[in-house]
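Here is the structure we will look at.
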Amino acid sequence: MLREKRGVERSLSFLGELSTSVSDAEVLLELAEEAGDAATRLEAAEKLARTERELEGAELRQLLGGDHDAANAILSINAGAGGTDAADWAQMLFRMYTRWAEMHGYAVEIFDEQPGDEAGLRSVTATIKGDYAYGYLRVEQGVHRLVRISPFDSQHRRHTAFASVTVFPEIDDEIEVEIDEKDLRVDTYRSGGAGGQHVNKTDSAVRITHRPSGIVVQCQNERSQTANRATAMAMLRSKLIERQEAERQAEIAKERGETLDVNFGSQIRSYVLHPYTMVKDHRTDFEVGNASGVLDGDLDGFVRSWLESNAKSRA
């Protein structure tokens with residue numbers, strides 16, 4: 001009920017802002033016509049252009065039909081095959097999503113970060129906070145492949161690296177999830193990475209393993225073990241809810257005679273930087289030649305193409 005209330009409030013606020021923006025543009029155009037002011041006319045045109053972009057965003061949100069699409073997203077990236085290149089690739093992906101979040105006014109909070117042996121990241125988990133962050137970022141779940149001339153190869157050979165991206169919603173406290181403490185294994189360890197004098201002096205980092213499902217979550221960004229445990233438990237609840245939803249969707253697909261990939265382990269996208277530049281989504285065949293732009297956070301084309309394709313398949 002609370003989630004529905006917030007959704008209605010967001011919609012009403014959005015409609016109010018659009019109405020105000022259009023009214024302001026009309027006033028500016030009237031002033032420009034009366035005074036023959038080119039600067040005012042340009043300001044009105046810019047305001048209308050922003051309104052058009054907001055409407056396009058609203059149209060895209062209509063393609064989001066999941067129960068938790070409006071929620072914050074918990075993003076986890078893990079380096080796969082490819083050694084140091086894979087760790088570097090995981091860091092590149094995290095930068096890409098961070099830039100995407102900044103473009104959309106979303107906040108990024110890191111939960112856990114494990115550096116690579118030589119460079120990059122072995123893994124990183126963060127929350128992307130903002131309206132519909134999960135609805136958009138769930139498009140990114142799967143294996144991402146990078147092809148490039150390796151900066152870590154003295155012979156400048158072409159290497160292929162892989163990294164997996166997992167996305168699940170940050171679940172509200174109002175949604176109850178039964179978790180038996182007897183099913184949990186809780187390990188503590190010393191935090192790594194940034195943190196000043198506090199790092200490596202106390203076993204504040206927490207790793208929780210849910211034995212029945214095999215789900216593992218961990219958090220080290222807080223300074224107290226209690227706070228890290230609370231955050232890790234929240235992540236575990238979210239993952240369990242998402243797993244239940246994936247199983248439900250798989251059962252529905254089975255009844256319809258459809259096939260549905262619920263393990264999200266397949267390669268979804270390739271990023272080629274040599275001998276040519278191209279980023280291609282293998283699910284929708286949407287591709288972009290400006291690979292550097294994509295790596296700088298320009299993901300909206302991939303998001304839209306997948307959501308449109310998914311909406312058609314649902315219909």
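As the structure is a prediction and not an experimental result, all values here were calculated from the model.
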Taking the side chain as everything from C-beta on, heavy atoms only, tell me whether [X] gets closer than 4.5 Å to [Y].
{"X": "Gln225", "Y": "Val206", "value": "yes"}
{"X": "Met92", "Y": "Leu146", "value": "yes"}
{"X": "Arg138", "Y": "Asn310", "value": "yes"}
{"X": "Val165", "Y": "Leu75", "value": "yes"}
{"X": "Val108", "Y": "Phe94", "value": "yes"}
{"X": "Ser309", "Y": "Thr284", "value": "yes"}
{"X": "Arg269", "Y": "Arg145", "value": "no"}
{"X": "Cys219", "Y": "Asn221", "value": "yes"}

For [Y], is there any backbone N or O sitting under 3.5 Å from a side-chain donor or acceptor partner on [X]?
{"X": "Arg95", "Y": "Leu295", "value": "yes"}
{"X": "Thr231", "Y": "Ala227", "value": "yes"}
{"X": "Arg243", "Y": "Ser213", "value": "yes"}
{"X": "Asn72", "Y": "Gly130", "value": "yes"}
{"X": "Arg207", "Y": "Asp187", "value": "no"}
{"X": "Gln141", "Y": "Val167", "value": "yes"}
{"X": "Thr125", "Y": "Ser76", "value": "no"}

Taking only residues two or more places apart in sequence, or in another chain, which ones meet [X] in a salt bridge (Lys or Arg N to Asp or Glu O under 4.0 Å)?
{"X": "Arg158", "answer": "none"}
{"X": "Arg148", "answer": "Asp85, Asp88"}
{"X": "Glu102", "answer": "Arg99"}
{"X": "Glu46", "answer": "none"}

Regarding [X] and [Y], is there a side-chain donor-to-acceptor distance under 3.5 Å anywhere?
{"X": "Asn290", "Y": "Ser292", "result": "yes"}
{"X": "Trp100", "Y": "Asp298", "result": "no"}
{"X": "Glu140", "Y": "Tyr97", "result": "yes"}

Do the side chains of [X] and [Y] join up, straight or via other hydrophobic residues, at under 4.5 Å, putting them in one cluster?
{"X": "Val124", "Y": "Val216", "value": "no"}
{"X": "Val294", "Y": "Val272", "value": "no"}
{"X": "Phe162", "Y": "Val147", "value": "no"}

Carefully, step by step, assess Glu308 and Arg283 under the rule salt bridge (charged side-chain N to carboxylate O under 4.0 Å, His left out).
CA-CA 12 Å; Glu308 289 176 346; Arg283 301 163 299 179; over 6 Å; no
On a heavy-atom basis, which atom in Ser305 and which in Phe286 lie closest, and how many Å separate them?
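Shortest heavy-atom contact: OG-CB, 3.5 Å.
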Which heavy-atom pair separates His210 from Leu236 by the least distance, and what is that distance?
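Here His210 and Leu236 meet closest at CB-CD1, 3.8 Å.
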Who pairs with Trp89 by ring pair (Phe, Tyr, Trp, His ring centres under 6.0 Å), at least two apart in sequence or on another chain?
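Tyr271.
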Under the rule for side-chain contact (heavy atoms from CB on, under 4.5 Å), what residues qualify as partners of Gln155, not counting sequence neighbours?
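Asp153, Arg157.
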